[in-house]
Amino acid sequence: MESVNQAGFWQQRYEQDSIGWDMGQISPPLKSYIDQLPEAAKNQAILVPGAGNAYEVGYLHEQGFTNVTLVDFAPAPIRDFAERYLDFPTDKLICDDFFDLSAEQHQFDWVLEQTFFCAINPARRDEYVQQMARLLKPRGKLVGLLFDKDFGRQEPPFGGTKEEYQQRFTTHFDIDIMEMSYNSHPARQGSELFIKMRVKD
Ligand SMILES: C[S@@+](CC[C@H](N)C(=O)[O-])C[C@H]1O[C@@H](n2cnc3c(N)ncnc32)[C@H](O)[C@@H]1O
């Protein structure tokens, strides 16, 4: 269980192509969310943590979002992303531990969550909520998907319930939306919640 906190655990999975979580495309609910954003959102500072192969980051970049930061502590997917997107600013490709990001150096308008929360050790969930709130600007948004499912395993993905998430996130966030996603990828239909929440005042 401790090993999921280490970059090596994930790097090895990329090296062995043992990446069952990878959909090979942007998650459909996140594409829909991005597609309805106004033109003015294109300059906002966006973070995609635990981005892996980062289809969401690629899509945002293709759509003209100019201030997107990718964070992952495994170097392999970042290297691959940089090879696929030669014009993506390299200073926005951060190979580091999400929990070590400095809020003095990094402040975001919104964060996109996609199978990162379920990848961390569940014992760190409150730490995730606190760090997320620190990295967001006042009233900044956390948007994305969380599994509403118990996988019953001692390895990622670690699932959870709406009740658990409501309890954890309301310590630092006002929840606007936490509802079963209606347009998930077929493999995840009925098992993920679309979330949109804002850091409390
Ligand atoms: C299950 S994968 C999901 C990748 C991507 N979001 C996707 O949906 O395909 C989890 C990712 O989070 C990264 N990760 C896990 N813990 C991390 C941490 N503490 N800091 C930065 N990245 C982390 C892993 O390296 C891995 O790429």
Side-chain angles (χ1 to χ4, degrees), residues 1-34 46-61 68-85 88 92-103 105-106 108 110-135 142-149 151 153-160 181 183-189 191-195:
M1 178 80 89
E2 280 305 304
S3 57
V4 300
N5 294 330
Q6 310 296 326
F9 172 90
W10 296 96
Q11 172 70 10
Q12 193 180 37
R13 288 184 154 216
Y14 286 105
E15 284 170 359
Q16 296 172 349
D17 204 20
S18 173
I19 53 171
W21 63 80
D22 192 302
M23 292 196 291
Q25 62 174 86
I26 182 170
S27 179
L30 302 184
K31 179 177 181 303
S32 298
Y33 177 76
I34 292 165
I46 306 166
L47 169 67
V48 184
N53 280 321
Y55 306 104
E56 288 72 25
V57 178
Y59 186 72
L60 286 162
H61 181 61
V68 186
T69 299
L70 181 166
V71 169
D72 203 294
F73 63 8
I78 297 192
R79 189 199 55 224
D80 289 356
F81 182 90
E83 284 172 7
R84 280 186 283 131
Y85 289 93
F88 193 89
K92 302 277 185 203
L93 296 178
I94 302 181
C95 190
D96 202 353
D97 193 317
F98 166 77
F99 293 102
D100 292 340
L101 290 185
S102 149
Q105 284 176 29
H106 303 285
F108 300 96
W110 57 282
V111 176
L112 197 56
E113 162 58 53
Q114 162 67 7
T115 52
F116 173 51
F117 181 87
C118 69
I120 62 168
N121 185 326
R124 303 190 83 182
R125 288 186 169 180
D126 289 338
E127 216 185 314
Y128 169 107
V129 174
Q130 289 158 17
Q131 172 70 335
M132 204 55 92
R134 273 196 293 264
L135 293 172
L142 172 61
V143 178
L145 297 159
L146 296 176
F147 280 117
D148 185 18
K149 183 171 178 175
F151 293 94
R153 298 172 352 158
Q154 291 300 305
E155 57 177 344
F158 302 107
S181 165
N183 55 353
S184 293
H185 185 280
R188 298 196 182 161
Q189 202 70 50
S191 67
E192 55 185 12
L193 300 163
F194 181 81
I195 56 160

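FYI, side chains are in, hydrogens and waters are out, and symmetry mates aren't considered; it's all heavy atoms of this structure. Both ligands and their constituent atoms are indexed starting at 1 by order of listing. Just so it is clear, the structure is predicted and the values come from calculations on it, not from any experiment.
Which parts of ligand 1 touch F99 is read off a 4.0 Å heavy-atom cut-off, strictly below it: atoms 19 (N). Contact atoms of ligand 1 toward A74: 25 (O) (distance under 4.0 Å to a heavy atom of the residue). Every atom of ligand 1 with a heavy atom of D96 under 4.0 Å away is listed here by number and element: 20 (N), 21 (C).
Scanning all protein heavy atoms for the shortest distance to atom 19 (N) of ligand 1 gives D97 OD1, 3.0 Å. Here the heavy atom of the protein found nearest to atom 8 (O) of ligand 1 is T115 OG1, 2.5 Å. Given atom 4 (C) of ligand 1, the protein heavy atom at minimum distance is G50 O, 3.4 Å. If you check which protein heavy atom lies closest to atom 25 (O) of ligand 1, you get D72 OD1, 2.6 Å.
Not one N or O of D22 is nearer than 3.5 Å to an N or O of ligand 1, by distance alone.
Between Y128, F73, Y14, it is F73 that holds the heavy atom closest to atom 14 (N) of ligand 1. Of the candidates F98, F116, W21, it is W21 that places a heavy atom closest to atom 9 (O) of ligand 1.
Between F98 and Y128, the ring planes lie tilted relative to each other; the angle falls in the 30° to 60° range. Taking the six-membered ring for Trp and thresholds of 30 and 60 degrees, H106 and F108 have nearly parallel ring planes, at less than 30 degrees apart.
Residues E127 and Q131 bring no donor and acceptor atom of their side chains to less than 3.5 Å of each other.
Put simply, the side chain of L93 does not reach to within 4.5 Å of the side chain of D72, judged on heavy atoms.
If you take CG on L146 and CD on Q114, they are separated by 10.0 Å, rounding to the nearest 0.5 Å. If you take CD1 on I120 and CZ on R125, they are separated by 7.0 Å, rounding to the nearest 0.5 Å.
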Problem - Full working for ring pair (Phe, Tyr, Trp, His ring centres under 6.0 Å) between W21 and F116 - result: CA-CA 10 Å; W21 63 80; F116 173 51; over 10 Å; no

Problem - Intermediate values then yes/no, ring pair (Phe, Tyr, Trp, His ring centres under 6.0 Å), Y55 and Y59 - result: CA-CA 6 Å; Y55 306 104; Y59 186 72; over 10 Å; no

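Cation-pi geometry between R124 and F99 is satisfied (NZ or CZ under 6.0 Å from the ring centre, within 45° of the ring normal).
For A51, the closest heavy-atom approach to ligand 1 falls below 4.0 Å. Between N5 and ligand 1 there is no heavy-atom distance shorter than 4.0 Å.
Using a 4.0 Å cut-off between heavy atoms, W10 contacts ligand 1 through its side chain alone, with no backbone atom that close.
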